[in-house]
S.K.: 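This is the structure I have questions about; it appears just below.
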Amino acid sequence: MDYEVPEDLKYTKNHEWYDPQSGWMGITDYAQEQLGDVVFVELPATDEPVEAGQDFMVVESMKTVSDVYAPVDGTVVELNEELESAPEAVNDAPYEAGRLVRLEAVDGEVELLSAGGYRDFLGAED
Amino acid sequence: MPPYLGLTESERWEIFSRLGLEEYLELETDIPEQLQDSFQPQKSQLSEQCVTAWHQRVAAANTSTEELTCFLGGGVYDHHVPSTVNHFLGRSEFLTAYTPYQAEINQGILQALFEFQTMVSRIYDLPVTNASMYDGASALAEAILMAAQVTRREVVYCTPNLYPGWWQVLKTYTEPLAVELKQLPTQNGRAYLPEEWPEEPAAVCMAYPNCWGAADRVENWVERRPDEKCLGVAVANPLAMNLLTPPGELGFDVAVGEGQSLGLPMNGGGPGLGLFSATEKFIRKVPGRLVGQTEDRRGNRCYVLTLQTREQHIRRSRATSNICTNHALMALGAAVSMATLGGSGLRRRALENHRRGQQLADEFEKRDYALSAIPVFNEIAVELPAKPPDLEERLAESGWLGGYFYQDRYICSATERRSPEQIAAFVEEVDEIVRNK
Amino acid sequence: MSGINDSPLIFERNTENPAAGEAPPSTLSEELYRARPVDLPDLPEPRVVRHYHRLSRESFGTDTGPYLLGSCTMKYNPRLSEQLAALPGYTETHPRQPAGQKRGWLEMLGELHDRLARLNGLPAVSLLPAAGAHGEWVALRTIGDYFRDQGEQRTEVIVPDSAHGTNPASAAVAGFDVVEVDSNERGRVDLDDLRATCNSQTAALMLTNPNTLGLFEEDILEIADIVHSAGARLYYDGANLNPLAGRLPPGDMGFDVVHLNLHKTFGTPHGGGGPGAGPVAFSEELAPYRPLPRLTKREGEWMLGEEAEKSIGRIRSFAPNLTVLVRALVYLQRMGEEGVAQAARDSVLTANYLANRLPAEFQPVYPLPCKHEFVVSCADLPVDASDVAKRLIDFEIHPPTVYFPLVVEEALMIEPTESLSLRELDRVVEAFQQILEEAKEDPDQFKNYPETTRISRPDETTAARRPVLNHPVET
């Protein structure tokens with residue numbers, strides 16, 4: 001199965017993507033496919049600090065409720081409010097209109113996969 | 001052979017034969033030897049005649065409200081149940097159906113529940129109503145748990161004027177979950193909202209009518225709520241709401257109540273019907289099943305169970321409620337009752353109940369008894385100078401089922417089923433017994 | 001919106017509007033008076049009756065046809081139960097009547113109590129819980145209070161990965177953390193994983209036996225031993241009691257507390273989602289914690305005790321689901337204990353029959369024999385589990401449970417119960433055979449099924465994304 005994995009982003013093993021340039025994050029094409037139709041996104045509060053690997057928000061699909069984990073240490077500074085009325089954006093455009101939140105990262109070493117590394121990881125998963 | 005099996009004896013043998021079995025036990029290789037023949041059956045099969053006679057005798061050992069004229073209330077009331085209700089509760093397509101997860105073959109139940117949700121939403125003036133809960137007290141408990149979860153606060157203020165037994169139910173639910181219940185102050189049988197709040201509560205719960213037949217100071221909710229985040233929960237008799245300002249209009253976030261007063265049999269107190277309604281804000285947080293409207297693949301309007309991701313079977317340990325089976329059939333019954341009585345009929349009935357309560361109060365007052373609180377509906381609380389231990393017995397001898405004592409007040413109720421003559425005669429009798437005339 | 005396939009709502013049949021503009025009663029304050037009456041339709045009785053009659057015909061009960069829903073035990077609901085539960089001596093009673101006026105209730109409850117205690121092999125039963133999930137929560141609350149009394153800090157409840165969702169939800173609402181234990185390759189609890197998971201933090205293991213795969217936990221005595229050795233308690237989810245009822249009391253298997261589903265095992269009607277009842281049976285040790293009010297026998301007479309120091313407290317507004325309890329008692333009286341045992345055996349027989357006779361593509365996931373239900377996987381078929389379920393509707397057979405248990409891909413959980421005749425069983429087999437042929441020939445056609453119902457394939461996604469939960473008032 002061919003999943004979209006944009007080159008310029010970073011990835012986690014929990015299938016989140018993160019853009020170090022803008023600070024936005026979301027779930028990957030693989031993740032949205034696994035979830036099925038997303039029906040609701042429970043956005044977190046802003047100005048809340050998060051730790052890398054911490055479950056800090058929830059995405060609900062028809063069949064399941066899925067935790068989303070922070071890719072880096074930081075603070076949630078902006079929410080994609082569009083998702084309140086159009087949660088399907090997470091399925092249709094997980095890297096653009098379906099992005100979740102913007103984080104202000106704390107400086108530090110974080111272990112994230114490159115696009116190639118994530119593709120390999122997916123290959124092993126499937 | 002036992003009565004309710006689908007297979008005849010010869011069909012059983014046919015199945016053994018087709019499966020290549022000599023006897024049933026060959027199928028039971030999985031039960032360890034020590035556990036085989038564990039149970040020695042004793043109680044024998046009884047005929048229909050026998051079982052019928054047993055229940056007729058036992059049911060007759062109860063004293064029913066067909067034998068005594070009922071003035072007893074406290075959350076369950078002797079209302080007239082429209083004849084259509086039991087008829088449809090007995091339609092076996094409704095009665096023997098499972099939860100309508102397969103929407104295509106259960107549009108009937110789904111639509112009936114959607115209509116029920118709509119009716120209750122209009123009564124409470126709150127848009128999100130679930131498809132029923134067990135009863136009023138557990139619905140209130142669930143509202144409190146939802147508030148605690150949503151606000152992440154631990155203190156809940158609740159009126160002390162709940163029907164006897166309800167406060168204890170709240171404690172059973174909240175005890176293991178670090179939710180602290182505190183009482184609202186109350187005066188003249190009406191709980192009121194304090195000027196200052198010692199902490200930021202998750203919710204404030206008020207009742208109207210309350211256990212004294214009066215209304216807590218619900219009209220002050222909007223101006224005196226602790227803050228915007230705190231949830232206002234109203235415990236509201238749905239029949240009374242046809243005459244009283246509904247919780248939604250008073251700014252409450254959640255309304256809960258007992259649906260029996262909408263026109264369901266008393267059933268000795270169970271099964272009843274728990275109601276739960278809330279504002280749009282809590283649509284993904286409310287417990288219980290929800291029926292939603294949608295379209296099918298051909299564009300036809302239809303109904304489905306929806307927002308199931310809130311429910312236990314998907315959220316599992318993340319669930320804030322574990323409710324699965326609810327009281328759907330009772331909700332259907334309530335809907336049939338409301339449809340039969342109609343909006344005007346419900347309004348009229350609510351007015352009649354209010355008037356009966358007023359008359360009951362007047363009869364006591366003109367005999368120089370003091371009321372503990374100003375009644376708003378069909379129930380009153382009276383201060384009796386004495387509490388004769390044989391009051392119930394003597395009333396029963398005269399054909400009355402009287403009220404009950406709670407915190408030294410005598411609480412009695414008169415619904416639309418009680419005539420003015422009966423009310424006068426009942427109070428006269430109580431007066432005689434109490435004053436030892 | 002409207003057309004030949006539309007089903008008008010009762011609000012759309014409205015012609016009248018309720019009386020507005022009358023003067024408020026002088027005995028009610030203005031701020032409490034609802035000036036605008038509730039907007040509910042006023043309809044003549046014949047129209048109301050036709051409306052609900054039509055709705056009843058669009059509902060599928062156990063009276064309508066075979067109901068294959070797994071772990072639901074959709075068995076026949078006796079007519080006599082309906083008749084006797086409607087006796088005015090039962091229905092026209094008030095919960096706050098003095099005990100002397102409720103002798104009938106006490107005798108009925110006592111009789112049911114004793115029968116259920118016997119069937120469970122445990123001494124005390126609470127008849128209060130309104131449903132299975134309610135009973136689960138009660139059971140866990142008693143376990144929690146018991147350990148608190150013992151001064152033991154036990155915060156975890158173990159649940160198998162195949163468990164029904166109410167198990168972890170009830171544990172969470174009862175204040176526990178939930179831990180999962182794995183199933184082994186035979187579909188049963190992995191004993192090694194259980195030994196590793198059970199520790200001094202464990203309050204209880206929640207177990208359904210047979211489990212949701214329809215498999216009997218043969219190592220149940222060993223499981224009980226592991227749990228008890230760790231100082232924890234063993235809880236029985238009675239949803240799957242049907243194949244063991246009257247034959248193997250849960251108490252004999254080592255369970256300390258049991259919840260029953262009267263609307264499953266004991267034939268009370270499901271009512272489109274309830275009311276049912278979820279009584280709980282307790283060991284001697286846990287009995288003091290059971291909820292109030294509680295049945296006790298004093299000098300041969302049943303009474304309801306309102307006070308007990310260790311009790312977890314009250315759980316109902318007023319009373320248990322009394323008229324549901326009456327139905328369960330009628331079932332037990334009519335069947336007798338040998339009859340209940342025969343029903344149990346028949347439920348296993350019909351399940352194994354189906355499991356053997358269904359086409360090979362619908363092989364049970366775990367080797368036979370099964371108990372009262374079995375699970376098949378549609379993962380290798382050209383259509384999915386949901387498609388098979390929808391096509392069964394066209395055969396007037398209520399589909400099995402779909403997508404549960406979660407541990408099996410494209411699962412169908414099938415439980416015929418003892419209520420089906422051989423002809424009905426064979427009809428189910430034929431239906432599956434035909435569906436299989438259709439799936440091989442033209443899998444794409446399945447998205448149009450069911451085709452014989454007025455409604456087909458509701459859009460559940462939009463219903464969840466943009467919920468419409470009531471009909472707005474028409475202005």
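Order of the sequence lines fixes the chain letters, A, B, ..., with proteins taken first and strands second; residue numbering starts at 1 for each chain. Side chains are part of it too, since the values below use all heavy atoms of this structure and drop only hydrogens, waters and symmetry mates.
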S.K.: Between Tyr76(C) and chain B, which part of the residue has a heavy atom less than 4.5 Å away: side chain, backbone, both or neither?
M.R.: side chain

S.K.: Given the options His398(C), Glu45(C), Lys75(C), Met253(C), which has more heavy-atom pairs under 4.5 Å with chain B than any of the others?
M.R.: His398(C)

S.K.: Between Ala341(C) and chain B, which part of the residue has a heavy atom less than 4.5 Å away: side chain, backbone, both or neither?
M.R.: neither

S.K.: Is it the side chain or the backbone of His53(C) that comes within 4.5 Å of chain B heavy atoms, both, or neither?
M.R.: both

S.K.: Regarding Arg314(C) and the six-membered ring of Tyr173(B), is the cationic atom NZ or CZ under 6.0 Å from the ring centre and inside 45° of its axis?
M.R.: no

S.K.: What part of Pro320(C) lies closer than 4.5 angstrom to a heavy atom of chain B: side chain, backbone, both or neither?
M.R.: backbone

S.K.: Before you tell me yes or no, could you show the steps for Asp296(B) and Arg454(C) under salt bridge (Lys or Arg N to Asp or Glu O under 4.0 Å), namely the whole-Å CA-CA distance, both residues' side-chain angles and the distance that decides it to 0.1 Å?
M.R.: CA-CA 10 Å; Asp296(B) 78 346; Arg454(C) 180 173 64 85; over 6 Å; no

S.K.: Given heavy-atom pairs under 4.5 angstrom as the criterion, report whether the side chain, backbone, both or neither of Asn77(C) touches chain B.
M.R.: side chain

S.K.: Under 3.5 Å, is there a donor-acceptor pair between the side chain of Glu93(B) and the main chain of Phe60(C)?
M.R.: no

S.K.: Working note: His55(B) + Gln83(C), criterion side-chain hydrogen bond (donor to acceptor under 3.5 Å, both in side chains); need CA distance, chi angles, decisive distance, verdict.
M.R.: CA-CA 10 Å; His55(B) 283 273; Gln83(C) 201 172 66; over 6 Å; no

S.K.: Please classify the contact of Ala343(C) with chain B as side chain, backbone, both or neither, using a heavy-atom distance under 4.5 Å.
M.R.: both

S.K.: What part of Met108(C) gets within 4.5 angstrom of chain B, counting heavy atoms only: side chain, backbone, both, or neither?
M.R.: both

S.K.: So for Leu69(C), is it side chain, backbone, both, or neither that comes closer than 4.5 Å to the heavy atoms of chain B?
M.R.: side chain

S.K.: Tell me, for Leu84(C) versus chain B, whether the close heavy atoms (under 4.5 Å) come from the side chain, the backbone, both or neither.
M.R.: side chain

S.K.: Within 45 degrees of the axis of the six-membered ring of Tyr404(B) and under 6.0 Å from its centre: does Arg96(C) put its NZ or CZ there?
M.R.: yes

S.K.: Is a salt bridge present between Lys390(C) and Glu104(B), judged by a nitrogen-to-oxygen distance below 4.0 Å?
M.R.: yes

S.K.: Hey, which of Leu244(B), Leu5(B), Val128(B), Leu346(B) has the most heavy atom pairs under 4.5 Å with chain C?
M.R.: Leu244(B)

S.K.: Of the listed residues (Gly136(B), Gly165(B), Gly270(B), Pro100(B)), which shares the most heavy-atom pairs with chain C below a 4.5 Å separation?
M.R.: Gly270(B)

S.K.: For Arg141(C), is it the side chain, the backbone, both, or neither that has a heavy atom closer than 4.5 Å to a heavy atom of chain B?
M.R.: side chain

S.K.: Tell me whether Asp252(C) contacts the main-chain N or O of Leu35(B) through its side chain, where contact means a donor paired with an acceptor under 3.5 Å.
M.R.: no

